[in-house]
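So that the names make sense, note that chain A is the first sequence line, chain B the second, and so on, each numbered from 1.
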Amino acid sequence: MELRQIDDYRWEIPQTGAMRVPGIIYADAAMMAALQKEEACRQVANVATLPGIVKASLAMPDIHWGYGFPIGGVAAFDMDEGVISPGGVGYDINCGVRLAVTKLFADEVGPRIADLADALYAGVPCGVGSTGGIRLTVAEEKKAISQGASWAVKRGLGDADDIDRTEDCGHMAEADPEAVSDNALERGRRQLGTLGSGNHFIEVGEVVEVFDPAVAARFGLAEGRITLMLHSGSRGLGHQVCDDYLAVMAKEARKSNIELVDRQLACAPVNASAGRRYFSALACAANFAWINRQVMLHLCREVFMRVFAKGPADLGMRMVYDVCHNIAKKERHEVDGRVRDLCVHRKGATRAFAPGHPDLCAAYRDVGQPVLVPGDMATGSYVLAGCDGAMAETFGSACHGAGRVLSRTAAKKAARGRELFSEMAGRGVALRCQGRTTAAEEMPEAYKDVNSVVEVVHRAGIAKKVAKIRPLAVVKG
DNA sequence: ATGTAC
């Protein structure tokens, strides 16, 4: 594929053939050299062929191959002429990351880390098909997915501050349970408060580096503080919503005479009935995921209080933020001097609104949105803050993680003969894992170096480094 | 990601 280097961190796929706009990939030279051979670049170009796409098909430095759209991709579509696509969101609707910080310091937690890891592993249901979280009737489930995260708080599973520090207050208003199939509802009914599998995790960490003390202080982060990070999504419910609407969209694309260069780009006009209905279902799944992470935060808080024999005030566990990184949202952005209503798809990309954005909670409005970027299970995670560059270039978006370099099968092969649990212990990480193969699939070598991914968005002026967190304990589904 | 293939 032909690529034109714009500067040290930006590469253009020129607009050719059926592409309506160019592609822009954020990466350093080493990443780009590896990427150039990848199918993911072709996927960036494919997305650029979809009707109503605005400005460019974008990709963050953690880009890798995905279903139709690349993971790490950002694409915005005009609300009148554009489309919405389940492949542009991903199977795990509102998969996202939540970060909380405690009053505990590393010296207090270090000696108890094995107990804490065991207790978290026991305290949160995990693995494929995990249930045993909250069990709901379908009627109550419909109420929950209409309300979002505040539903959990009403039931005593968190407090108002948790909601305030959740993207969009953990609620998409367009949610309509009538757009969600009985099958999807049934799959979700017993899964609130469950971790799931794959790259979903619970991570206890220690803040080891602060890059921007003023912003870090605002986020409640200081060197030595113990953190809790959760990564999970909408479980079986979101997966079923995606499946259901992929089938619908395949037909809709034909009906609307949308030419698809890849069937996996199935989509429909965002402002017509099928597109609206998918958006209503997606909003339900997004709300489900926020409740799910809220319930898990509550479970983890209780585990911490038990293990350290502390009350809520002494533990002082409070939310930093909760972000979605698989989502489509209706947002207003300035494009070439004109304010436009857009449907922004972020698939493996995090919202990164800059200081001053009206959608940010009051506590962070003047410093920018926290952007949570987990790395692999040993390297660490970053907290960034959204910058003006994101508003100008990426529809207010940044990277979401390290990004895979090895497929799951390749990772399993590479892990043969390795003792990952003792290796991780040797690196100071207490690893607890359900699936026998999960540790192998999630081994550090399966991911890009999160340090260099973050460096790209930092230097490109999209999101700036605030703090780095080192993992002490990791629970994988 | 996922009742990892209807």
Q | Rounded distance (Å) that lies between atom P of B:dT2 and atom NZ of A:Lys476 | A | 12 Å

Q: Measure the distance from CG on A:Asp243 to C1' on B:dC6 and round it to the nearest whole Å.
A: 12 Å

Q. Do A:Tyr447 and A:Glu442 get their side chains close enough for a donor-acceptor pair, meaning under 3.5 Å?
A. yes

Q.
From CG of A:Asn292 over to C1' of B:dT2, roughly how many Å is that when rounded to an integer?
A. 14 Å

Q) Taking atom C1' of B:dA5 as reference, at what distance in whole Å does atom CD of A:Gln240 sit? A) 14 Å

Q | Protein-nucleotide distance (A:Asp244, atom CG; B:dC6, atom P), rounded to Å | A | 13 Å

Q.
A:Trp290 vs A:Cys324, test: side-chain contact (heavy atoms from CB on, under 4.5 Å). Steps then yes/no.
A. CA-CA 9 Å; A:Trp290 273 315; A:Cys324 5; 3.5 Å; yes

Q: Could you tell me the separation between the NE2 atom of A:His200 and the P atom of B:dT4, rounded to a whole number of Å?
A: 16 Å

Q.
Once you apply a heavy-atom cut-off of 4.0 Å, does A:Arg190 come out as touching a base, just sugar-phosphate, or nothing?
A. nothing

Q.
Using a 4.0 Å heavy-atom cut-off, does A:Gly198 contact any base of the nucleic acid, only the sugar-phosphate backbone, or nothing at all?
A. sugar-phosphate

Q. At under 4.0 Å between heavy atoms, what does A:Glu186 touch on the DNA or RNA strands: base, sugar-phosphate, or nothing?
A. nothing

Q: Specify the separation, in whole Å, of atom OH of A:Tyr91 and atom C1' of B:dT4.
A: 11 Å

Q. Tell me, do A:Pro61 and A:Met32 make a side-chain contact under 4.5 Å, heavy atoms counted?
A. no

Q: Indicate whether OP1 or OP2 belonging to B:dT2 is found under 4.0 Å from a side-chain N or O atom of A:Ser197.
A: yes

Q: Provide, to the nearest angstrom, the distance between the CG atom belonging to A:Asn183 and the P atom belonging to B:dC6.
A: 11 Å

**Q.** Side-chain touch A:His171/A:Ser150, heavy atoms, less than 4.5 angstrom
**A.** no

